[in-house]
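The block underneath contains the structure these notes are about, expressed in structure tokens.
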2 protein chains.
Amino acid sequence: MEAGEQAIPVWLRERRTGVGRPAERSRAEVTAAAIALADREGLAAVSMRRVAAQLGTGAASLYRYVAARDDLLDLMADEVAAGYDLPAPGGPWLTGLLEVGRQGRVLMLRHRWLPELVLTRPALGPHGVDLLEHVLAVLAEHPADTTRKMEAFAVMNTLTAALALNELSITSGTRHRQGAYLAHAVAAGRHSHLAAALTGASLMPATPAERFEDTLARILTGLLGAA
Amino acid sequence: MEAGEQAIPVWLRERRTGVGRPAERSRAEVTAAAIALADREGLAAVSMRRVAAQLGTGAASLYRYVAARDDLLDLMADEVAAGYDLPAPGGPWLTGLLEVGRQGRVLMLRHRWLPELVLTRPALGPHGVDLLEHVLAVLAEHPADTTRKMEAFAVMNTLTAALALNELSITSGTRHRQGAYLAHAVAAGRHSHLAAALTGASLMPATPAERFEDTLARILTGLLGAA
DNA sequence: CATCGTTCGCGAACAGTGTTCCCAAAGGTG
DNA sequence: CACCTTTGGGAACACTGTTCGCGAACGATG
């Protein structure tokens with residue numbers, strides 16, 4: 001409708017060359033400042049004014065590097081995806097995919113704002129495309145059709161983000177807010193299975209990393225077939 | 001830290017009885033207005049002022065029913081979860097879970113703002129707890145331990161939301177924004193598997209509903225074991 | 001070296017946002 | 001009829017994303 005040229009993603013909107021006053025900063029610099037701010041104070045703190053302040057400039061200047069705040073968020077997510085350090089494809093596809101998941105989890109725990117971004121705005125930038133290419137390479141010998149492989153990629157990203165978000169909600173106090181009502185509901189009776197489940201031995205034997213890997217492995221084999 | 005009593009979720013914060021001037025509206029009424037607004041204009045349109053306007057009151061009045069906007073969002077999500085109409089547990093657990101997934105998908109397609117809420121703020125209200133109880137009942141005979149059953153519930157919710165979000169992004173034009181850069185990356189060479197995947201016959205034989213069900217079935221059997 | 005075309009930096013302003021304060025009004029209860 | 005508690009909500013505060021328009025800075029051109 002009203003989005004004429006704006007349908008073009010950030011990464012394709014390159015700045016013109018040579019002519020005119022040269023920019024004092026780069027898109028990468030702005031992105032880095034935003035990431036640093038988000039790491040320190042969370043996604044909500046990433047406002048145009050605060051990012052600009054972090055760079056020592058005015059808020060309006062950022063619009064020379066980015067068309068809107070959402071573009072900045074896309075840039076942040078894709079920039080973190082540059083942190084994957086993936087081995088050359090080869091060996092069983094499941095181990096290859098698990099390695100991707102493992103690293104994704106670490107990146108998301110390191111940047112606590114990433115899961116929310118991955119879940120709500122799954123945009124593919126240059127590094128995201130590289131990651132997809134890697135996954136497809138790992139699955140090159142796999143007999144599944146293209147659609148299913150793409151689906152596996154999406155499911156892996158989504159699930160990694162969701163599980164990471166869950167882990168993070170345990171660390172920060174966010175988790176107790178949910179348990180509060182749950183406990184109340186159980187105490188009120190009328191939820192027999194739930195009550196039984198919560199009173200049952202809630203043993204957590206494995207480390208979070210192990211649990212994550214186990215879950216991801218089960219789901220990927222379910223989606224793509226056994227080893 | 002600074003959240004003393006505010007750690008209590010909305011559903012436990014009931015209003016006092018009898019004494020004082022009676023409220024002109026109910027929490028359910030406010031929630032319904034917010035849902036109607038979101039259905040019509042999206043989640044971003046759900047501001048305190050606009051919800052209040054929809055009810056013909058002032059914005060500040062809403063804080064008599066809700067402690068913050070986030071509470072309102074939680075109420076909206078849980079209210080929609082009242083829309084599940086689930087058969088009594090019985091029969092194979094997989095068919096029971098698939099029915100839950102099917103209905104969840106329909107609810108999310110009907111309320112296009114729900115997936116985002118489910119993904120980023122997975123809070124359990126009364127109806128959410130009822131749903132969890134139902135899932136545990138369906139899985140009552142299943143040998144898996146409690147933690148895994150809870151995990152299956154979470155994975156089901158997350159995945160349903162993510163897949164619904166994906167479906168919705170195809171309907172609205174949002175999808176092309178992603179494909180734009182993907183096409184560019186492929187055209188630039190250097191992504192052989194991706195290029196092969198995209199040029200391959202992209203046949204979409206099944207309906208979205210069928211694809212959704214197939215994916216969910218595969219993942220649930222992967223997580224919980226074969227039928 | 002001056003001019004020109006273009007781009008950059010960014011203060012100011014606009015239209016919103018969530019939330020808090022405070023006070024007037026309303027209603028049951030004693 | 002007071003009293004006490006609670007509701008309704010205008011006004012204000014501290015922000016937000018974004019646009020406008022200007023002056024200044026630069027590379028290329030004459």
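Convention: sequence-line order gives letters A, B, ...; per-chain numbering from 1.
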Inset, instruction - Indicate whether OP1 or OP2 belonging to D:dG9 is found under 4.0 Å from a side-chain N or O atom of B:Thr57. - result: yes
Inset, instruction - May I ask you to decide if A:Asn166's main-chain N or O and A:Ser169's side chain share a donor-acceptor pair within less than 3.5 Å? - result: yes
Inset, instruction - Output yes when a side-chain donor or acceptor of B:Arg13 lies under 3.5 Å from a complementary backbone atom of B:Ile8, and no otherwise. - result: yes
Which pairs would a plain distance check flag for residues 106-118 of chain A, meaning a side-chain donor or acceptor within less than 3.5 Å of a matching protein atom at least two apart in sequence or in another chain?
residue: A:His111; atom: ND1; partner: A:Asp39; partner atom: OD1; Å: 2.8
residue: A:His111; atom: ND1; partner: A:Asp39; partner atom: OD2; Å: 3.1
residue: A:Trp113; atom: NE1; partner: A:Asp39; partner atom: OD1; Å: 2.7

Legend entry - Toward the 5' end of DNA chain D, by each residue's nearest nucleotide, B:Gly56 or A:Ala44: B:Gly56
Inset, instruction - Compare all side-chain heavy atoms of B:Glu29 with those of B:Tyr65 and state whether any distance is below 4.5 angstrom. - result: no
Inset, instruction - Would you give a per-nucleotide map of nucleotides 18-30 of chain C, 5' to 3', where B means the base has a protein non-hydrogen atom under 4.0 Å away, S means only the sugar-phosphate does, and - means neither? - result: BBB-B--BBS---
Legend entry - Identified side-chain contact (heavy atoms from CB on, under 4.5 Å) counterpart of B:His193 within the set A:Leu132, A:Leu136, A:Val138, A:Thr146: A:Leu136
Inset, instruction - Give a yes/no on whether any side-chain N or O of B:Ser61 is located under 4.0 angstrom from OP1 or OP2 of D:dG9. - result: yes
Legend entry - Short N-O contact, B:Arg27 and B:Asp71, less than 4.0 angstrom: no
Inset, instruction - Output the residues of residues 23-30 of chain A in contact with DNA chain D, where contact means a heavy atom of the residue under 4.0 Å from an atom of the strand; sort by number or write none. - result: none
Legend entry - Phosphate OP1/OP2 of C:dC8: any A:Tyr65 side-chain N/O under 4.0 Å: no
Inset, instruction - Step by step, work out the side chain to side chain contact (heavy atoms under 4.5 Å, CB included) result for A:Phe153 and A:Leu124. - result: CA-CA 12 Å; A:Phe153 176 72; A:Leu124 282 190; 4.2 Å; yes
Legend entry - Nearest-0.5 Å distance that lies between atom CG in A:Leu194 and atom CG in A:Leu182: 5.5 Å
